[in-house]
Each structure stands twice: as structure tokens, then as C-alpha cells.
Amino acid sequence: MESLPKEETLQLRLRHYGPSCKLFFKESPIKIVRAEGQYMYDEQGNQYLDCINNVAHVGHCHPTVVKACTEQMSVLNTNSRFLHDNLVTYAKRLTATLPEKLSVCYFVNSGSEANDLALRLARTYTGNYDVVVMDNGYHGHVSSLIDISPYKFNHTGGEGQKPFVHLVPVPDVYRGLYRENVPDVGKKYAMEVKHTIDGARRRGRKIAAFIHESLQSCGGQIIPPPGYLREVYKHTREAGAVCIADEVQVGFGRVGSHFWAFQAVGDEACPDIVSMGKPIGNGHPMSAVITTPEIAEAFGATGMEYFNTFGGNPVSCAIGLAVMDVIDKEDLMGNASRVGNYLMEGFRKLGEKHSIIGDVRGLGFFIGIDLVKDKTSREPATAEAQHIIYRMKERFILLSTDGPHRNVLKLKGPMCFNIKDADRVLINLDQVLTEIETASSNNRLEQLPYRKDVHSKRSGPVFTGSRTLSHDALFGNIKRPSDNDSDDEEAKRQKSWAGVD
């Protein structure tokens, strides 16, 4: 499947592709030639366990999704100015997952496009322009969204905060302004939003929207505390603004307990606009904005037509329906809860052994491991985090880091991830952390092979370096779905993938 040698591929990319478009593992990039389920394969046939790709939501190249795409593509693909059953069927099914008032859809092509449209809707409906955003938030790469994404505008190459953007603290109970031992911490963080809005209004600013990632991803896998979202929405609406939930990274059942992350953390709070993307098409470029009839009518009343050439085309809608079919048929929300809970328990158990693990947080299969140099000071372990992702890559497990200090290991891979995959991650991470601690105790931390390449062809867990506790000794007291249950679930999923009823 490889048409060019890896080195030639790399040199052509360097010559013809924008230099600001970065590679994973830039010192030793991986050339991926195919993928299936939760596994990716390089040009040598090495199998990598994918803990990164939340886009391949139901699994890479899922046959149900591929079939829906090819069958519809072979019949018709056109724009939404023609009537087509796929568009209305998909809109009906998608809105059925949301609170009743969120009933009007706009289909677009990327998360950035969705959030840009969400801003337009909010500004048109309120007649205001300013936006309240969480620090470290990220909402997209187009100019309008760079302006409201501190993750971009406050870092290298950014132009800083614009006057119409108002920052509020991240509701981070581990590193933030108010921490886990503060009573009513959710309300305290929400009051910071109220103070920010009130201050802006005293200066004559008019707020159009509060926009937030339901669970902040690029900011470090942050789970807002109870009561936060409900109170923030109340303060926002009292100011005449609307609430936008950005579900681009975390929607479509990733949290396990609910289809949308705002439902899992919102104490029944309901946004006015929801944007969604990434997992919506399992790798196919599509996204959506869903809002209330009142906001949609105000947008239409301007007289300006909204048309999107590819948004809502029959192929995209067929793919969207197929993704939702797979989520239901394969119980991927239940799987996210089972596997995610098992992983978080395992990581917390590792935290009892390895002092570098400061905090483990998450919902479903959206997990962050906050790495620290010291558990008391909580100083971020940035260099160690980079070492870990390279060493895990050498063991054929793909992880990445995020957060303002790049010290949070994040896991948000395909939702078909299983218990055996989880064990593979836990065992290998335990060994890598032991390696770091051994080097640190011998004052050799700077000599760790952060950029070591591995060329051996392996497809399972790799056991190298010092031996660690056995899996049973380390994780034996974790409540684990039985092997039979796990195997049954996997067998059902494999039958589904093979097209067997």
C-alpha cells in the first residue's frame, strides 16, 4: 500500500506542504498506510494502538460507514437546495438526541465552520458582538475563532486578546483559581463569569455569547465541577447573551453516560446553540450547528440567504446516519463507560505507585493524566510527558499531550477500544514511568532517550527495560468486566464489522 519510500514522502511534504502544519513525533514521524478499528498500521506493517483519534469515533474504516458512503456516492451527491430524504431524516435523528428546544439544524463541513456559524447566529439574535470565553479554550482555526481562542491568540504567533473578548478562568479544580477543597467550587467559578460579564457591561460592552467546550480538551482535559454550567448559563442569559456549547471534541456519546457532554456536567442546563464536528462523520468532513427556532428565525429574518455548497449533502447525511447506527448497535456509549472507568481506576492505581501522576480526570473515554514533578507543588512535568509519549510510541501505543504546560497525557481514541487495549496501555505506561523514576533517582533524567527510534516489527505490548510488578499484582483489585463479558462484547462487535447479524 506504500507507493513512495517513507523518506521521499517526508521530503515531498517538507517541500510542498505548509510548514505550520505539524506532524506527530516530528523527530521520528510515523507513516500510516491503513487503519481498522482502534489500530493503525505503518508501512512496515507495525500495528499501533490509537489513543489519539477522536475523529475515527466508531473505529477507523468502519464497514457500516464505508458502505453507507459508497452506496450513496454511487447514486447521488448534490447540494441542499434540492429536497432529499437523507437530510431531513438525519436532522430529525440528530435533534432527537438533544433537549426539545434545540430543533433546527445547519449542516456544515468542519468544527471551525460550525463555531463560526454559531457566532454569527448569536450575534444576529442578540444584536451584540462581544464574547465570553474560558482561558485556554480552543474553538477553531479560522480568523473569527482564533480571535476567541486563548489557546491560540495567547501563544506563539497569536495577536493577543481583542477588546471584544472577555476571558474567564478555567474551572480547573486541580490547578485553577479554586481547587478541590473549596466548598461550592462550581458556584465560585461561575461567579467569576458573572464578575467578568458585569465588568464588561459597566465599560459599555455588549455580550453576545458565552462559548465553551463542554469539556475543555486542548486546555488539559478539564471536567467542570458540579453546578458550574447551570450557574454560568443563568448569569449569561441575565446579561441578554446566549450560551454556546462546543461539542466538537467530546460529543456523540464519548462521555458514556450521555450523548452530549454538556448533559453530563450541566445539571440539566441547556445551551441555546450546540456546535458539533470531528466524530460526527467518523473521518468524513462534516459538522453541524443546532439551535432554537427563535434564533434560527432571527437569522433568517436578516434576508441574507445561508447556503453551504457541501453542508447537508446526501453522502454526508448517509454517513452521519451510519455513525449513529453504529453507536447504538455496538453500544459504544456503554463501552466508553466500561473501558473509561477501568482505565481511570488503573491510572489512579498507578498514581499510588508513581509520584509523577498528580491527577487523573475524565468522563467515559475522555481521560487526562496530569503529570507533575512534585505532588505538593504540582509543578508540571513537561519534559517527562514528552519522553513518555515517545517511549509509548516505541511500544506501538499512540498518545499525545496537551494543556497549557503540555504535561497532560490525553486519551480519547476510537470508541471501540476494549479492555485488552486498556491493559496494554496500563502495563506499558507502568514500565515507562518506572524507567523515568529510575533515571531520576540516579540523576540521569536528562539522559533519557527522548527521541530514540524503534524499527522492530511488533504488534503487541513491548516489554523492555526494568521489570515491574505483574499486571495482577498492580491492578488485581480493580473492578474489571469479566473476560467472558469482554470477549462476548468483542465478538458481537467483530460480527457487526463483518456484516453478520
Side-chain angles (χ1 to χ4, degrees), residues 132-137 150 166-202 207 210-239 241 243-246 250 255-258 260-271 337 340-341 344-345 347-349 351-352 355-364 366-381 402-405 407-408 410:
V132 178
V133 299
M134 285 185 195
D135 198 9
N136 302 324
H166 308 281
L167 284 185
V168 298
V170 181
D172 179 356
V173 299
Y174 184 71
R175 292 190 174 278
L177 181 64
Y178 305 109
R179 299 193 174 181
E180 66 272 14
N181 58 347
V182 175
D184 292 325
V185 64
K187 287 187 177 181
K188 283 187 165 56
Y189 272 115
M191 283 303 296
E192 294 295 323
V193 178
K194 177 175 171 54
H195 295 329
T196 298
I197 291 173
D198 290 346
R201 295 177 77 191
R202 283 194 298 270
I207 308 298
F210 168 74
I211 184 170
H212 68 100
E213 298 162 84
S214 297
L215 308 176
Q216 196 175 76
S217 182
C218 293
Q221 312 294 95
I222 305 300
I223 312 300
Y228 174 75
L229 207 56
R230 182 183 63 246
E231 292 295 311
V232 169
Y233 280 13
K234 181 182 74 173
H235 300 322
T236 299
R237 289 173 176 139
E238 286 172 350
C243 305
I244 303 172
D246 179 346
V250 294
V255 298
S257 60
H258 297 77
W260 304 106
F262 76 81
Q263 295 169 323
V265 298
D267 301 303
E268 299 186 355
C270 179
S337 291
N341 290 340
M344 281 190 282
E345 286 189 68
F347 292 139
R348 287 177 181 133
K349 189 69 176 175
E352 296 173 7
S355 62
I356 192 172
I357 294 180
D359 188 41
V360 176
R361 51 187 179 256
L363 288 174
F366 177 86
I367 302 171
I369 307 170
D370 199 310
L371 302 179
V372 297
K373 292 180 180 291
D374 178 83
K375 284 196 173 184
T376 302
S377 69
R378 303 184 181 183
E379 179 185 354
D402 230 322
H405 307 289
N407 70 306
V408 180
K410 60 180 181 179

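- Here the straight-line distance linking atom CG of D172 with atom CG of D370 works out to 7.5 Å at 0.5 Å rounding.
- Side chain of K375 to main chain of I357: a donor-acceptor pair is present (N/O by atom type, distance under 3.5 Å, no hydrogens or angles).
- In this view, D374 satisfies the salt bridge (charged side-chain N to carboxylate O under 4.0 Å, His left out) rule with no residue, not counting sequence neighbours.
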Steps toward salt bridge (charged side-chain N to carboxylate O under 4.0 Å, His left out) verdict (K234, E231): CA-CA 5 Å; K234 181 182 74 173; E231 292 295 311; 3.3 Å; yes
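- Interatomic distance, CD1 of I369 versus CZ of F347, reported as 4.0 Å (0.5 Å rounding).
- With hydrogens and angles disregarded, a donor-acceptor distance shorter than 3.5 Å links the side chain of R175 to the backbone of R378.
- When each of V168, L167, I207, V133 is checked for a side chain to side chain contact (heavy atoms under 4.5 Å, CB included) with T196, only V168 meets the rule.
- The closest side-chain heavy-atom distance from Y228 to V265 is not below 4.5 Å.
- Here the straight-line distance linking atom CG of L229 with atom NE2 of H212 works out to 4.5 Å at 0.5 Å rounding.
- Going from atom CZ of R179 over to atom NZ of K188 covers 15.5 Å, rounded to the nearest 0.5 Å.
- In this structure, CZ in F366 is found 8.5 Å from CD in Q216, a value given to the nearest 0.5 Å.
- Taking CG from N407 and CG from L371, the interatomic distance works out to 6.0 Å, rounded to the nearest 0.5 Å.
- Panel note: side chain R361, backbone Q221; a donor-acceptor pair is recorded below 3.5 Å.
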